[in-house]
Protein chains: 2
Amino acid sequence: MEKQTITIYDVAREAGVSMATVSRVVNGNPNVKPATRKKVLEVIERLDYRPNAVARGLASKKTTTVGVIIPDVTNIYFSSLARGIDDVAAMYKYNIILANSDGNTRKEIQVLNTLLAKQVDGIIFMGNNLTDELRAQFERSKTPIVLAGSIDPKGEVESVHIDYVAAVEEAVADLINHGNKRVAFISGSLADPINGQYRLKGYKNVLAKHGIKYDPDLVFETDYSYRAGEVLWPAMVATKATAAYVGDDELAAGVINGAQDSGIKVPDEFEVVTSNNSKLTEIVRPQMTSITQPLYDIGAVAMRFLTKMMNKETMTEKTIELPYGYIKRSSTK
Amino acid sequence: MEKQTITIYDVAREAGVSMATVSRVVNGNPNVKPATRKKVLEVIERLDYRPNAVARGLASKKTTTVGVIIPDVTNIYFSSLARGIDDVAAMYKYNIILANSDGNTRKEIQVLNTLLAKQVDGIIFMGNNLTDELRAQFERSKTPIVLAGSIDPKGEVESVHIDYVAAVEEAVADLINHGNKRVAFISGSLADPINGQYRLKGYKNVLAKHGIKYDPDLVFETDYSYRAGEVLWPAMVATKATAAYVGDDELAAGVINGAQDSGIKVPDEFEVVTSNNSKLTEIVRPQMTSITQPLYDIGAVAMRFLTKMMNKETMTEKTIELPYGYIKRSSTK
DNA sequence: TTGAAAGCGCTAACAG
DNA sequence: CTGTTAGCGCTTTCAA
């Protein structure tokens, strides 16, 4: 009943060669005579030998696994990135250790530490707030790290993202061009740079360009959930806003449904544009106008970027900016 | 610039004790004099020592990581389960290696093998079709495995799920009680036992009980995607069905929107009930009536179950059936 | 309560 | 082209 393990040693003995030779054929080292290779391969097959990745990891100091820190797999934005990450990882023979953090710094740090203890070869971090504490941990560990779908305002950590400022400018400009003078800005915590620094900046830029005064009352800071959007409507009414830019698709779906459930016609009486173009944008009715981001690709490119770092290839850029777009659907006029 | 590693040996030397003692304090072994423990702990702190989990894994033959095979993280049904799994795993100090399989047997087998090579302590499998090939692999490896959100028709592999037959009976009965004589059955591949054996059986049972003849034309076999549901409508019209039971929420959302986009009133002219009560059910308008399943809990319980198996605790049951429910919303009369 | 020593299964020089 | 020999960093008897 023991989990009987066939080791490289068993194979060597059976094949009448040394462990080193077996190791060579397993690792595709060309310095093995074809006949020997064939013999070893046969024994491996016959014994159904499977190399122990843990032992290999200890000896080679490479685990071929990368850590992925994600706020919540259940959020379509993040899971889309994660899918891109995993596909590319698989392509390069890496596995992924996935850990949810709820965007909570304490959890992020704790998770980071266990990931490092497990000797991951690299880390992909999805999260919107790179606190100093976290940054310090990142630096201490010499493990390659890349941010997927967010930016390090200090530009110290490599990342893959879109130009959030420009994207929001385009979205809000569209709203203003439809005659909306009071456009709400709804996002997650403004403490997150992606919201407080980039998106909000884009929003303010456009307001300024159109000579509209910035009104803090139009800024809603909430969390990235459907429910949060749904219950927002009463507060929205009070602001007399006639349109809104929203930083997350689930949140936007909540806003739209909350409005509609209150008898408001979208887009006739209230327009909404969202940010991620996840599949949710097409599921909700009216379908949502959205900034488009290549979510899957952001994850994929981030992972690809990480493989290069793990290979110690020299990078030209620390940051990769992927193109964004804007798609008009039915939640705007 | 080397990734200088502090080892247990360094700590031992600094603290003036043996590696064994350091190992003991790190592992919370009580057989250490308090004074010694304190001293060691101080050195660990000072040197910022972090045990190497890989070495630990090799020596102890436990990696404290479990493999999770998932069809697609991007599907809310599976990601909900995954979240439950990860939370409980974290609670028990396990990490999760997450691998997408697309429900493709070849990928599932390949992934399973790399997971085993990495010496995971256990595996949670989400997937709807346990092929014989896969089953064979499972048996070869003595690694504990549990299915989350699906059943092994042969009852050989442990699993956590709801009573699919009864749940579908209840849902379809509700539809029939509203006067629908022609109720469509829309699901993923009927080759998947969960659809072809359990859900379909529940469907047929209710039909029989109400004296309605089973009509194969009303059975739609497609894939679990929003798009698949959306394009289904023309075919649905041809069957003269007035209601449908759908096996997946995304798929159901597609069916509802496809119908509505064709000018059909839901639920007045066509009723729909779905299966998973994921958050999507409340996002779509009309909100979807659904069988309710404790998705998060299914994942959580599966992981909890797995920890017991990994501890070699004796199990009373091979299968855990969680309660389901039925919630009426607005996609049915 | 503590230490010595033998591995865990594999990789990686270094010889030959 | 192939074998020998050290480890990788930690756990785990077995003695003391």
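Every chain is numbered from 1, with letters handed out A, B, ... down the list of sequences. Model, not experiment: these values are computed from the prediction.
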* To do: Go through the steps to decide whether Arg83(B) and Ser80(B) satisfy the test side-chain hydrogen bond (donor to acceptor under 3.5 Å, both in side chains), and finish with yes or no.
  => CA-CA 5 Å; Arg83(B) 187 64 214 259; Ser80(B) 299; over 6 Å; no

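- In this structure, the CZ atom of Arg56(B) is 14 Å from the C1' atom of dT12(D), given to the nearest Å.
- Counting only heavy atoms from C-beta outward, the side chains of Val111(A) and Glu108(A) never approach each other to under 4.5 Å.
- For dA5(C), the OP1/OP2 oxygens have no side-chain nitrogen or oxygen of Tyr9(B) closer than 4.0 Å.
- Remark: C1' of dG9(C) and CD1 of Ile6(A) are 13 Å apart, rounded to the nearest angstrom.
- Salt bridge status for Arg135(A) with Glu139(A): absent, with no side-chain N to carboxylate O gap under 4.0 Å.
- In this model, the phosphate group of dG9(D) is approached by a side-chain N or O of Lys61(A) to a distance below 4.0 Å at OP1 or OP2.
- Under the 6.0 Å cut-off for aromatic ring centres, Phe125(A) and Phe138(A) qualify, their centroids lying closer than that.
- Using a 4.0 Å cutoff on non-hydrogen atoms, no part of residues 34-45 of chain B comes near DNA chain D.
- The nearest whole Å value for the distance from the NZ atom in Lys118(A) to the P atom in dG9(D) is 18 Å.
- Atom-to-atom, CG of Asn29(A) to P of dC10(C) comes out at 17 Å; the value is rounded to the nearest Å.
- Proximity of Asp152(B) to Ser159(B): side-chain heavy atoms (C-beta onward) are nowhere separated by under 4.5 Å.
- With hydrogens and angles ignored, the 3.5 Å screen pairs no side-chain donor or acceptor of Asn113(B) with any backbone N or O of Gln110(B).
- Atom CD of Glu313(B) has more than 12 neighbouring heavy atoms from other residues, nucleotides or ligands inside a 6.0 Å radius.
- Rounded to whole angstrom, the span from the CG atom of Asp10(B) across to the P atom of dC10(D) amounts to 9 Å.
- The number of heavy atoms from other shown groups lying within 6.0 Å of NZ (Lys318(B)) is above 12.
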Worksheet entry | side-chain hydrogen bond (donor to acceptor under 3.5 Å, both in side chains) between Lys118(A) and Thr64(B), intermediate numbers included | CA-CA 10 Å; Lys118(A) 296 225 166 156; Thr64(B) 63; 3.2 Å; yes

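- Looking at heavy-atom distances under 4.0 Å, Asn31(A) makes contact with a base.
- Spacing between atom NZ of Lys62(A) and atom P of dC10(C) amounts to 19 Å, rounded to whole angstrom units.
- In this entry the distance linking CD of Gln119(B) with P of dT11(D) reads 17 Å, nearest Å.
- Less than 4.0 Å separates DNA chain D from at least one heavy atom of each of the following residues of residues 11-28 of chain B: Met19(B), Ala20(B), Ser23(B), Asn27(B).
- Between the C1' atom of dT11(C) and the CG atom of Leu58(A) lies a distance of 10 Å, rounded to the nearest Å.
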